A.B. asks: 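Below: one structure in structure tokens.
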Amino acid sequence: MTGRVAKVTDRLRSARWYGDDEGARSSFIHRAWMRRGNPTDAPTKPQIAIASTASALAPCNAHLTDIARSVSNGVWEAGGVPLDMPVMSLGETNMRPTAMLFRNLAAMSIEEQIRANPIDGVVLLGGCDKTIPALLMAAASAGLPAIALSGGPMLTGTLAGRRLGCGTDVWRLSEEVRAGTLAPEVFADAEQSMIRSAGHCNTMGTASTMACVTEALGMSLPGTSGLPAPEARLAQAGHLTGRRIVAMVAEDLTPDKIITRAALTNAVVASSAIGGSTNAVVHLLAIAGRLGIDFDLTDIDAIGHEVDLLVNLQPSGEHLMEDFHRAGGLPAVLAQISERLDPTAITVTGRPLVDEIVGAVVHDSTVISPPEQPLMINAGLAVLQGNLAPDGAVIKPAAATPALLTHRGPALVFDSIEQFHDQIDDPELDVTADTVLVVRGCGPRGYPGMPEVGNLPLPATLLAAGVRDMVRISDARMSGTAYGTVVLHVAPESAADGPLARIRTGDMITLDVPNRRLDVEVDEVELAGREHSPGARAAYAAPTRGWSKLYVDTVQQADRGADLDFLVGQTEDTPARESH
Ligand code: FES
């Protein structure tokens with residue numbers, strides 16, 4: 001060991017702290033407090049933050065502390081200095097009123113953590129639904145080399161010999177209890193059996209979708225997105241990710257060079273082929289907005305709608321993420337449809353995505369179908385427009401009942417999700433299988449936060465009569481694990497003066513997915529002249545302080561990714577003023 005301070009490489013961003021740019025006293029302070037037993041030359045090496053969303057309150061991500069150790073080893077091995085950076089985490093199942101209210105807060109805080117510190121590159125460790133999007137949004141705006149690693153899905157749970165898909169089977173079993181076809185004790189048993197191990201939801205819900213989308217965007221190492229959380233190869237992927245970020249710093253491989261319009265195209269193709277969550281739409285739009293990429297809802301429909309569904313996973317199909325991994329995972333899916341991918345998009349490896357998937361093989365065609373035998377043709381998300389959704393709405397045809405994709409029926413309108421729950425099981429409710437259930441007040445501003453309540457439970461009377469799907473419409477989102485003929489993300493939302501605020505029970509609604517239309521049969525002048533529902537007004541109480549107020553005052557609508565208007569774009573990484 002020597003006390004001599006090694007020369008800091010000027011090319012590194014961290015040299016602004018550890019070099020003598022601001023004078024010997026300042027750099028002394030920066031270096032001395034960070035040494036803590038590290039080698040003398042540590043400040044001259046690439047400084048790699050490991051942004052970890054590990055938290056006991058985000059249980060899907062709790063194991064990321066272990067994965068961070070593997071990343072650290074890889075960073076040291078490659079000649080960098082790993083720096084643990086715990087960041088805000090978002091537990092999907094617990095946070096009220098919805099984890100989505102805090103996605104932008106997490107993204108903003110992570111971006112500022114990155115920018116304010118002597119960091120040259122970032123490893124993004126996430127998993128549970130909103131954590132990967134928040135990390136990607138932050139990294140896109142911060143503009144430093146970044147690489148993501150998803151924490152992987154949990155192992156398959158079983159109940160009485162049947163496998164359980166977390167999320168999807170909650171919706172299915174709870175409807176069976178309400179229909180009287182499943183004993184409450186069996187439902188209670190399912191609660192003990194569903195979450196079998198560390199990891200995120202094992203269906204093709206939002207977490208699995210965003211892991212795959214991140215890989216298709218090029219932001220994680222190829223082949224890592226479906227590695228089950230307890231598997232040793234995930235730790236290995238952590239090590240390799242740590243190695244790779246050090247090289248990315250040397251190459252100055254920043255997110256704007258990876259996340260391009262071409263990469264977004266590949267992400268939409270991937271999401272369509274795997275039967276991905278509707279939530280991918282809002283997250284991709286927000287990420288594109290951070291990088292100033294011209295990419296909107298119509299692009300998502302145009303790119304995705306001719307892509308066929310190849311992956312037989314819940315909620316669109318039968319299997320779970322462990323099966324997907326065993327069958328070859330995302331590379332095997334993409335290799336079969338490589339002609340649909342944009343060959344110009346590169347990944348964190350610096351190589352085109354299309355080169356990374358060459359030779360990937362499907363090992364089980366019951367999980368990943370061959371392109372000539374798709375599970376559904378034209379399975380991408382459909383973007384609807386019409387006088388009920390002037391700025392768009394989305395539906396996932398792969399999770400819907402085909403016969404309901406073209407439907408005309410009278411609206412039954414609820415002013416809030418609470419009113420819906422209070423009234424939906426009333427035996428006197430005037431409702432038939434043709435009724436269109438409508439809930440408003442659940443958009444970004446209205447709830448606030450755009451919760452996952454759009455997969456509205458069916459009326460108990462109809463469930464008991466054997467009805468298992470109906471057309472449902474809202475300005476909410478829905479869990480990626482859910483299913484049904486559910487129209488979501490109606491924009492503008494009712495709280496932003498959208499037409500949803502003016503429709504009434506009994507108005508005829510037409511859903512025409514093949515022609516991408518969502519309309520209410522009310523004269524335009526009459527609709528515009530109607531008062532907002534008094535109930536909708538009463539249900540809406542605008543926040544008056546704190547994050548919620550900032551959010552409601554500045555959040556954009558779903559068709560813009562529900563990001564805050566002042567967070568769109570990047571901030572130039574000019575050296576900030578010295579702190580001492
Ligand atoms: Fe965390 Fe589903 S609740 S991924």
Side-chain angles (χ1 to χ4, degrees), residues 60-61 63-64 67 70 124-129 131-133 136 147-157 163 165-168 196-241 266-267 269-277 279-280 309-337 347-349 353 356-357 359-369 375 480-481:
C60 305
N61 293 11
H63 65 297
L64 291 177
I67 303 305
S70 298
L124 312 169
L125 297 182
C128 198
D129 293 19
T131 54
I132 287 275
L136 288 177
I147 184 170
L149 178 62
S150 167
M154 59 184 78
L155 300 177
T156 303
R163 62 185 160 194
C166 57
T168 304
R196 182 173 157 217
S197 75
H200 61 67
C201 289
N202 55 15
T203 47
M204 190 52 80
T206 304
S208 301
T209 300
M210 290 310 300
C212 291
V213 159
T214 302
E215 183 173 326
L217 272 177
M219 284 298 291
S220 55
L221 287 176
T224 57
S225 61
L227 290 166
E231 179 153 333
R233 275 182 287 182
L234 182 63
Q236 183 186 57
H239 192 107
L240 298 176
T241 296
N266 292 345
V269 168
S271 184
S272 304
I274 63 177
S277 162
N279 286 321
L309 178 67
L310 299 183
V311 175
N312 185 8
L313 248 65
Q314 295 182 28
S316 303
E318 304 167 41
H319 299 282
L320 295 166
M321 285 298 286
E322 232 183 306
D323 306 305
F324 182 56
H325 173 57
R326 179 177 47 77
L330 186 68
V333 176
L334 296 181
Q336 297 195 92
I337 53 171
T347 80
V348 287
T349 62
L353 178 69
E356 296 291 357
I357 58 176
V361 173
V362 174
H363 302 296
D364 185 345
S365 61
T366 67
V367 181
I368 303 174
S369 291
L375 297 154
T481 62

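Along the sequence shown, residues are numbered consecutively beginning with 1. Note: hydrogens, waters and symmetry copies are ignored here, and every other heavy atom, side chains too, is used. Note that the coordinates shown come from a computational prediction; the quantities given were computed from them, not determined experimentally.
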A.B. asks: Is there side-chain contact between Arg326 and Asp364, with at least one heavy-atom pair below 4.5 Å?
C.D. replies: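 Arg326 vs Asp364: side chains touch.
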
A.B. asks: State, to 0.1 Å, how close Ala335 and Ala360 come at their nearest heavy-atom pair, and which atoms those are.
C.D. replies: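 Between these two residues, the closest heavy atoms are CB-O, 3.7 Å.
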
A.B. asks: To the nearest 0.5 angstrom, please state how far the CG atom of Leu125 sits from the OG1 atom of Thr241.
C.D. replies: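 Answer for the CG-OG1 pair, Leu125 versus Thr241, is 8.0 Å.
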
A.B. asks: Does the side chain of Arg163 reach to within under 4.5 Å of the side chain of Asp323, using non-hydrogen atoms?
C.D. replies: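 Arg163 reaches Asp323 side chain to side chain.
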
A.B. asks: What residues, two or more places apart in sequence or in another chain, satisfy side-chain contact (heavy atoms from CB on, under 4.5 Å) together with Thr209?
C.D. replies: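 So Thr209 forms a side-chain contact (heavy atoms from CB on, under 4.5 Å) with Met204, Val213, Ser271, Ser277, Ala280.
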
A.B. asks: Tell me if a side-chain donor or acceptor on Thr206 pairs with a main-chain N or O of Asp129 at a distance below 3.5 Å.
C.D. replies: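 Not a single qualifying donor-acceptor pair exists.
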
A.B. asks: Restricting to non-hydrogen atoms, name the atom on Ala207 and the atom on Gly127 that form the minimum distance, rounded to 0.1 Å.
C.D. replies: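 Distance-wise, the nearest heavy atoms are CB-O, 3.2 Å.
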
A.B. asks: Hey, can you pull the donor-acceptor pairs under 3.5 Å for the side chains in residues 218-229, sequence neighbours left out?
C.D. replies:
residue, atom, partner, partner atom, Å
Thr224, OG1, Leu221, O, 2.7
Ser225, OG, Glu215, OE1, 2.7

A.B. asks: Run the numbers on Leu149 and Leu234 for side-chain contact (heavy atoms from CB on, under 4.5 Å), then give the verdict.
C.D. replies: CA-CA 9 Å; Leu149 178 62; Leu234 182 63; 4.2 Å; yes

A.B. asks: Closest heavy-atom contact between Ala273 and Val333?
C.D. replies: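 That would be CB-CG1, 3.9 Å.
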
A.B. asks: Before giving the answer on side-chain contact (heavy atoms from CB on, under 4.5 Å), spell out for Thr366 and His319 the whole-Å C-alpha distance, their side-chain angles and the decisive distance to 0.1 Å.
C.D. replies: CA-CA 9 Å; Thr366 67; His319 299 282; 3.9 Å; yes

A.B. asks: Just one of Leu124, Ile147, Ile132, Leu330 clears the side chain to side chain contact (heavy atoms under 4.5 Å, CB included) bar with Thr214, so which one?
C.D. replies: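 Option passing the side chain to side chain contact (heavy atoms under 4.5 Å, CB included) with Thr214: Ile132.
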
A.B. asks: Kindly give the heavy-atom pair with the smallest separation between Leu309 and Ser272, and that separation in Å.
C.D. replies: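 That closest heavy-atom pairing would be CD1-O, 4.0 Å.
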
A.B. asks: Does the side chain of His200 come within less than 4.5 Å of Ser150's, by heavy atoms?
C.D. replies: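 They are in side-chain contact.
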
A.B. asks: Can you tell if the side chain of Gln336 reaches within under 4.5 Å of the side chain of Ile368, non-hydrogen atoms only?
C.D. replies: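 When only atoms from C-beta onward are counted, Ile368 and Gln336 do touch, with a gap below 4.5 Å.
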
A.B. asks: Are any side-chain N or O atoms of His63 and backbone N or O atoms of Gly151, one a donor and one an acceptor, separated by less than 3.5 Å?
C.D. replies: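 Yes; judged by distance alone, with no hydrogens or angles, the pair exists.
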
A.B. asks: So which heavy atom on Val311 is nearest to which on Leu375, and how close?
C.D. replies: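 Heavy atoms of Val311 and Leu375 come nearest at C-CD1, 3.4 Å.
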
A.B. asks: Counting distance only, does the side-chain N/O of Thr203 pair as donor-acceptor with the main-chain N or O of Cys166 below 3.5 Å?
C.D. replies: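 Pair found, side chain donor or acceptor close to backbone of Cys166.
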
A.B. asks: Can you name the residues that form a salt bridge (Lys or Arg N to Asp or Glu O under 4.0 Å) with Glu231, not counting sequence neighbours?
C.D. replies: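 Partners of Glu231 by the salt bridge (Lys or Arg N to Asp or Glu O under 4.0 Å) criterion, ordered by chain and then number, come out as Arg233.
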
A.B. asks: Within this structure, what is the OG1-CG distance for the pair Thr131 and Asn61, rounded to the nearest 0.5 Å?
C.D. replies: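 Atom-to-atom, Thr131:OG1 and Asn61:CG are 4.5 Å apart.
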
A.B. asks: Would you say Pro153 and Phe324 make side-chain contact, with heavy atoms under 4.5 Å?
C.D. replies: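 When only atoms from C-beta onward are counted, Phe324 and Pro153 do not touch, as no gap falls below 4.5 Å.
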
A.B. asks: Yes or no on side-chain contact (heavy atoms from CB on, under 4.5 Å) for Leu313 and Met321, after CA distance, side-chain angles and deciding distance?
C.D. replies: CA-CA 7 Å; Leu313 248 65; Met321 285 298 286; 3.4 Å; yes

